[in-house]
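What's counted below: heavy atoms across the whole structure, side chains too, no hydrogens, waters or symmetry copies. Just follow the structure's listing: the first ligand is 1, and inside any ligand the first atom is 1.
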Amino acid sequence: MKRFAVLISGRGSNLEAMLLARARGGLFADPVLVISNKSDAPGLAVAQRHGIPTEIVLWSDRESAEQRCLELLHRQSADFIVLAGFMKVLTGGFIDAYCHRILNIHPALLPSFPGVHAQRQALKYGARVTGCTTHFVDAGIDTGPIILQKAVPVLPDDTEETLSARILACEHELVVESVNLFAADCLMIDGDRRVRIDGEKFKRFRAECPARERTVPT
Ligand code: GRF
């Protein structure tokens, strides 16, 4: 089974969604490491509750932080990386080391509303529909080839909080679906950015995955 690492900066709700999916047998890759750039990130406790090794890498110096991450990723033989609420911009050198093997989840329908406070941007802009996106990470800010998207309506009485909560629930589904696509190795990039999903390959992969029952940590 492919092995992956998760980089976080905070709450870790997307991380928890992946680990809960794994506990119920719905995640077909093994999370082997969680790295946080914040020593007080609540997501670290989420990982520890699920028995996933954690590391804190402070980002005071970007180059040395990335070098440390690469050492940790290599030690755990991580095949791919998920950025889940990770708030640092990675350099081209790091991305090249994991070319087309870094996935990010963003709370908007890219290319609309890249960057921070995407939910607030959508509200202020008066968008009727927003959503969430998973994409390959490239050297830009939320500009990599798009893997999956889910649309979320913006309601007349929405606040940033209510909209963010509704989008987050969709993110939790999308990130699990995207990890499983990575695990099946069924994503191809045509030309420079259109992502094609080999559905037949995914079906074969899915059929071979044993439904694993795990105890859900209290
Ligand atoms: C999420 O909306 C995610 O898309 C964004 O940060 C928020 C918090 O994510 N990047 P999490 O709860 O830490 O997974």
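The distance from atom SG of Cys69 to atom CH2 of Trp59, rounded to the nearest 0.5 Å, is 3.5 Å.
Under the side chain to side chain donor-acceptor pair (under 3.5 Å) rule, Ser178 has a single partner from Thr133, Asn104, Thr134, which is Thr134.
Screening residues 147-170 for ring-ring contact (aromatic ring centres under 6.0 Å, His included) gives no qualifying pairs among residues at least two apart or on separate chains.
Seen from the ring of Phe202, Arg206 does not count as a face-on cation partner, given the 6.0 Å and 45° thresholds.
A donor-acceptor pair shorter than 3.5 Å can be found between the side chains of Thr91 and Glu66.
Side-chain atoms of Thr54 do not come within 3.5 Å of backbone N or O of Val34 as any donor-acceptor pair.
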Find all protein N or O atoms under 3.5 angstrom from an N or O atom of ligand 1 and list the pairs with distances, or write 'none'.
unit_1	atom_1	unit_2	atom_2	d
ligand 1	2 (O)	Glu171	OE1	3.3
ligand 1	2 (O)	Glu171	OE2	2.9
ligand 1	4 (O)	Glu171	OE1	2.5
ligand 1	12 (O)	Arg11	NE	2.8
ligand 1	12 (O)	Arg11	NH2	3.2
ligand 1	12 (O)	Ser13	N	3.0
ligand 1	12 (O)	Ser13	OG	2.6
ligand 1	13 (O)	Gly12	N	2.9
ligand 1	14 (O)	Ser13	N	3.3
ligand 1	14 (O)	Asn14	N	2.9
ligand 1	14 (O)	Asn14	ND2	3.0

